Amino acid sequence: MQKVNSFIIDHKKLQPGIYESQVNGIFTYDVRFVAPQDAAHRGLFMDPKVAHTLEHFMADYLRTKTTEEFSSTVLYVGPMGCLTGFYLLTSCTYAPEYLRKLILECMEHILTQDVIPGASELTCGNWQYFDLQGAKEFIGKVIIPNYTSKKFCSEYPFCEE
């Protein structure tokens, strides 16, 4: 019986990084901001309002502030249900180091912003559910340190059966 790819990853060993998790005509990247064990034991999960804030910024940044060559391949960017990272779906394959650079640039951009893109009643279904200050704190406390660390990974630790 076929298993879901994410259910064969050893989440006890999984580290922050960017992993190509599935390829089926669409390239799915696991953009992991925090190790699940750190999130569980140290309370480093993204708050849902922070995740929503990062979703708006990342969707805007990756589609409008990167090269047209890259932005035209972005199909989706959104938070994982476990609140330890995001999924990025593209129509082309990219090296994890290239995506790491873009994510870091995006995070640095967010730190300079005072207005959340698309955060209005007209353009968002939950326009009051944001936390820009919390997002900036999460970026400074978790994302930037993890994405500039030598622990940054791009190869999944698979479960041993």
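A quick note: this is a predicted structure, and the numbers were derived from the prediction, not measured.
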Using distance only, find each side-chain donor-acceptor pair of residues 79-93 under 3.5 Å and give its atom names and separation, not counting sequence neighbours.
unit_1	atom_1	unit_2	atom_2	d
Thr84	OG1	Arg32	NH1	2.7
Thr90	OG1	Cys92	O	2.5
Thr93	OG1	Glu20	OE2	2.9
Thr93	OG1	Tyr29	OH	3.3

**Study point:** Distance, nearest 0.5 Å, that separates SG of Cys106 from CG of Leu111
**Key:** 9.5 Å
Point to revise | Listed partners of Thr73 passing side-chain hydrogen bond (donor to acceptor under 3.5 Å, both in side chains), at least two apart | key: Tyr94
Check your understanding: Could you give the distance from CE (Met107) to CD1 (Ile139), rounded to the nearest 0.5 Å?
Key -> 5.0 Å
Review point. Taking side chain as C-beta onward, heavy atoms only, is Ile103 less than 4.5 Å from Ile18?
Key: yes
Practice item. Could you tell me whether the side chains of Tyr156 and Asp10 share a donor-acceptor contact shorter than 3.5 Å? Key: no
Practice item. Establish whether Tyr147 and Ile110 are linked, either directly or via other cluster members, by ILVMFWY side-chain heavy-atom contacts under 4.5 Å. Key: yes
**Study point:** Test ring pair (Phe, Tyr, Trp, His ring centres under 6.0 Å) applied to Tyr76 - qualifying residues, sequence neighbours left out
**Key:** none
Practice item. Could you tell me whether the side chain of Phe130 reaches within less than 4.5 Å of the side chain of Lys49, counting heavy atoms only? Key: no
Point to revise | Considering all heavy atoms, the nearest Cys124-Gly118 contact | key: CB-O, 3.3 Å
Point to revise | Residues that Thr112 engages under side-chain hydrogen bond (donor to acceptor under 3.5 Å, both in side chains), provided they are two or more places apart | key: none
Review point. Other hydrophobic cluster members with Tyr129, side-chain heavy atoms of Ile/Leu/Val/Met/Phe/Trp/Tyr under 4.5 Å, chained?
Key: none
Check your understanding: Got a sec, which pairs hit salt bridge (charged side-chain N to carboxylate O under 4.0 Å, His left out) with one end in residues 142-156, sequence neighbours left out?
Key -> none
Check your understanding: Do the non-hydrogen side-chain atoms of Asn146 and Phe152 ever get within less than 4.5 Å of each other?
Key -> no
**Study point:** salt bridge (Lys or Arg N to Asp or Glu O under 4.0 Å) involving Asp38 - partner list, sequence neighbours excluded
**Key:** Arg42
Review point. Quick one: does Thr53's side chain have a donor or acceptor within less than 3.5 Å of a partner on Asp131's backbone?
Key: yes
Check your understanding: salt bridge (Lys or Arg N to Asp or Glu O under 4.0 Å) with Glu105: which residues, sequence neighbours excluded?
Key -> Lys101
Exercise for review: In sequence, state the C-alpha distance, the side-chain angles, and the governing distance for Lys141 and Leu44, and then conclude on side chain to side chain contact (heavy atoms under 4.5 Å, CB included).
Suggested key: CA-CA 9 Å; Lys141 178 180 175 183; Leu44 295 179; 3.9 Å; yes
Check your understanding: Counting distance only, does the side-chain N/O of Ser21 pair as donor-acceptor with the main-chain N or O of Thr28 below 3.5 Å?
Key -> yes
Exercise for review: Could I get the full list of side-chain hydrogen bond (donor to acceptor under 3.5 Å, both in side chains) partners for Gln37, not counting sequence neighbours?
Suggested key: His41
Check your understanding: If Ile, Leu, Val, Met, Phe, Trp and Tyr residues are connected whenever their side-chain heavy atoms lie under 4.5 Å apart, and connections chain through other members, are Val50 and Val115 in the same group?
Key -> no
Practice item. Step by step, work out the side chain to side chain contact (heavy atoms under 4.5 Å, CB included) result for Val31 and Phe33. Key: CA-CA 6 Å; Val31 179; Phe33 293 142; 3.7 Å; yes
Exercise for review: Quickly, which of His11, Lys13, Gln15 forms a side chain to side chain contact (heavy atoms under 4.5 Å, CB included) with Pro157? Name it, please.
Suggested key: Lys13
**Study point:** Heavy-atom check, side chain of Tyr19 versus side chain of Cys153, under 4.5 Å
**Key:** yes
Study note, to complete from the structure: With sequence neighbours left out, the residues meeting salt bridge (Lys or Arg N to Asp or Glu O under 4.0 Å) with Glu97 are Arg100
Scan the side chains in residues 54-64 for donor-acceptor partners under 3.5 Å anywhere in the protein, sequence neighbours excluded, and list what turns up.
unit_1	atom_1	unit_2	atom_2	d
His56	ND1	Pro117	O	2.7
His56	NE2	His52	NE2	3.2
Asp60	OD1	Thr64	OG1	3.3
Asp60	OD2	Lys65	NZ	2.9
Arg63	NH2	Leu75	O	3.3
Thr64	OG1	Asp60	O	2.6

Review point. Between Leu14 and Leu99, is there a shared hydrophobic cluster once you connect ILVMFWY residues whose side-chain heavy atoms come closer than 4.5 Å?
Key: no
Review point. Excluding sequence neighbours, so at least two apart, what forms side chain to side chain contact (heavy atoms under 4.5 Å, CB included) with Asp114?
Key: Lys136
